[in-house]
Amino acid sequence: MNVFYDQDGNGVRDTDEPAVVPNVTVKIGGIEGVSAAGTGRVDLDGVAGGTDPITLTKLPPFYAQGAALSLNVPQTAGVEVYVPAILPIGNNVSGLYMAFGDSITDGDGSYDNNGYRPLLVTKLQAGFNQGAINNQAIGGTRSKNGKNRIDNSLGYVKPAYVLILYGTNDWNDDQCRDAFPCYTVDSLRSMIRSAKARRTLPVISTILPCNTGYDARTPPERNVWVSDMNDLIRPMAKEEGAILVDNYAAFVAQPDFHKLLFDHVHPNDAGYQIMAQEWFKAISRPAVAAAGTDELFAPPKPFTPRPPGSYGAPGWEIGPNEE
């Protein structure tokens with residue numbers, strides 16, 4: 001049998017429904033298996049004769065079981081069983097992802113200037129048999145700019161998913177260093193809510209670490225600021241029902257994450273490879289597995305903001321321009 005994405009919710013795999021759903025646990029009569037990437041196929045051996053309902057559990061985030069089905073055992077030879085899964089995306093475009101952020105989302109620092117996007121598309125098509133990305137990144141923008149423009153982008157693109165990565169440039173604002181956490185978390189929260197209001201499924205990343213000491217823009221305090229901000233982004237994502245992609249944790253888990261960066265903040269090709277993998281894991285695996293650790297779903301730890309001026313002395317800036 002095969003688990004497919006039932007776009008119109010009619011319980012039947014129509015000819016214009018090519019997408020499958022990997023990593024779904026399928027259970028019949030006490031026997032279970034997991035659907036394969038690219039085909040959605042699952043083979044269950046040892047199911048007792050008779051008629052049993054087909055149950056889908058541990059689906060990728062946002063998916064739910066579609067129309068109820070039962071399986072007659074033994075099956076008729078040569079007859080494929082297609083099990084529907086559904087997504088709550090309304091009239092948005094199936095399989096379309098909107099990349100939303102600043103120059104990191106735009107791909108600065110990568111060989112082809114496309115960053116993680118084509119790498120992620122390859123993974124989506126291999127896993128779900130469907131996937132395209134519309135790029136709505138604008139370099140140099142801050143999270144408050146993203147908050148103000150996301151509705152226009154969502155209305156124009158109508159994506160099934162939005163991939164949000166914002167906050168890197170907020171460090172350049174005096175307010176965000178001196179009055180932490182300034183507007184960053186509230187702006188990200190607003191973006192998630194805008195997406196949900198349009199029935200677009202929100203996936204949000206932590207802020208990447210910077211290349212400490214690369215130049216005057218990356219004092220050690222900057223990565224302290226990034227880490228503290230991410231400690232607020234993680235529980236906020238859970239509160240708002242977004243899927244978290246902890247790209248920060250994936251980078252700092254490397255023996256020397258600085259080797260993943262092209263310059264002061266932009267990843268190189270190796271860094272973008274890691275980002276594509278982390279986005280895909282979060283999108284394609286059941287929720288707890290996608291997070292990589294149950295601790296991400298535990299109650300947030302108490303957070304005490306640092307006093308004003310803790311993130312760097314005034315006057316370190318090299319100029320007024322954003323990154």
Side-chain angles (χ1 to χ4, degrees), residues 22-23 37 60-61 97 99-111 114-124 126-127 131 133 137 143 161-171 184-185 188 192 202-212 214 218 222-238 242-298 300-301:
N23 302 318
Y97 297 73
F100 194 72
D102 53 34
S103 57
I104 296 175
T105 295
D106 207 25
D108 285 15
S110 62
Y111 178 78
N114 288 316
Y116 76 79
R117 301 191 315 274
L119 305 172
L120 178 55
V121 167
T122 297
K123 293 179 183 296
L124 291 169
I133 293 180
S143 63
Y161 293 80
V162 59
L163 312 178
I164 301 169
L165 173 52
Y166 251 118
T168 295
N169 293 317
D170 292 4
W171 163 265
T184 303
V185 176
L188 294 171
I192 292 170
V203 187
I204 187 167
S205 174
T206 48
I207 303 170
L208 298 183
C210 72
N211 196 354
T212 312
Y214 180 86
T218 53
R222 183 165 184 171
N223 270 338
V224 176
W225 181 92
V226 170
S227 177
D228 286 351
M229 194 68 78
N230 285 333
D231 284 344
L232 299 180
I233 291 172
R234 293 185 186 97
M236 182 277 294
K238 178 186 175 183
I243 294 301
L244 178 73
V245 180
D246 205 339
N247 278 308
Y248 173 88
F251 269 56
V252 300
Q254 302 302 309
D256 184 0
F257 71 82
H258 297 86
K259 294 181 179 179
L260 302 174
L261 296 165
F262 173 79
D263 54 18
H264 59 307
V265 292
H266 302 102
N268 55 27
D269 287 342
Y272 282 119
Q273 285 276 4
I274 289 177
M275 291 180 66
Q277 180 63 30
E278 293 303 307
W279 285 112
F280 181 71
K281 283 164 53 179
I283 293 165
S284 64
R285 296 184 182 181
V288 172
T293 171
D294 290 341
E295 280 72 23
L296 291 180
F297 294 87
K301 298 176 182 179

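The chain is numbered in sequence order, starting from 1. Source: prediction; values computed, not measured.
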Point-to-point distance, once rounded to the nearest 0.5 Å, from [atom1] of [X] to [atom2] of [Y]:
X: W225; Y: T184; atom1: CH2; atom2: OG1; result: 4.5 Å
X: D102; Y: T168; atom1: CG; atom2: OG1; result: 5.0 Å
X: Y214; Y: H258; atom1: OH; atom2: NE2; result: 12.5 Å
X: I164; Y: I192; atom1: CD1; atom2: CD1; result: 5.5 Å
X: L244; Y: I233; atom1: CG; atom2: CD1; result: 8.5 Å
X: L165; Y: L188; atom1: CG; atom2: CG; result: 9.0 Å

What residues form a side-chain hydrogen bond (donor to acceptor under 3.5 Å, both in side chains) with [X], not counting sequence neighbours?
X: D269; answer: none
X: N23; answer: none
X: N247; answer: S205
X: N268; answer: none

Discussion item. Checking T218 against N211 for the side chain to side chain donor-acceptor pair (under 3.5 Å) test, could you report, in this order, the C-alpha distance in whole Å, the side-chain angles of both residues, the deciding distance, and whether it holds?
Written reply: CA-CA 6 Å; T218 53; N211 196 354; over 6 Å; no

Worksheet item: Is a donor on one side and an acceptor on the other found under 3.5 Å between the side chain of N114 and the backbone of G107?
Response: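 No.
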
Side chain to side chain contact (heavy atoms under 4.5 Å, CB included) partners of [X], counting only residues at least two apart:
X: N223; answer: P209, C210, T212, V226, F257
X: P267; answer: I104, L208, F251, Y272, M275
X: D106; answer: D108, R117, N135, A137
X: Q273; answer: L119

Would you say the side chain of [Y] lies within less than 4.5 Å of the side chain of [X], judging by non-hydrogen atoms?
X: I204; Y: M236; answer: yes
X: R234; Y: T206; answer: yes
X: D228; Y: L232; answer: no

Distance-minimising heavy-atom pair for [X] and [Y]:
X: K123; Y: A276; result: CD-O, 3.9 Å
X: G115; Y: S110; result: N-OG, 3.0 Å
X: T105; Y: A99; result: CG2-CB, 3.6 Å
X: P22; Y: P60; result: O-CG, 3.4 Å
X: D170; Y: S143; result: OD2-OG, 2.6 Å

Fill in: Residues Y248, S227; criterion side-chain contact (heavy atoms from CB on, under 4.5 Å); working and verdict
CA-CA 8 Å; Y248 173 88; S227 177; 3.6 Å; yes

Fill in: With sequence neighbours excluded, residues passing ring pair (Phe, Tyr, Trp, His ring centres under 6.0 Å) with F100
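With neighbours one apart ignored, the set is Y166.
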
Item to complete: With sequence neighbours excluded, tell me which residues meet ring pair (Phe, Tyr, Trp, His ring centres under 6.0 Å) with F280.
Response: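 If we apply the ring pair (Phe, Tyr, Trp, His ring centres under 6.0 Å) test to F280, skipping adjacent residues, there are no hits.
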
Worksheet item: Just one of V203, V121, L163 clears the side chain to side chain contact (heavy atoms under 4.5 Å, CB included) bar with Y97, so which one?
Response: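 Going through V203, V121, L163 one by one, the side chain to side chain contact (heavy atoms under 4.5 Å, CB included) with Y97 is satisfied by L163 alone.
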
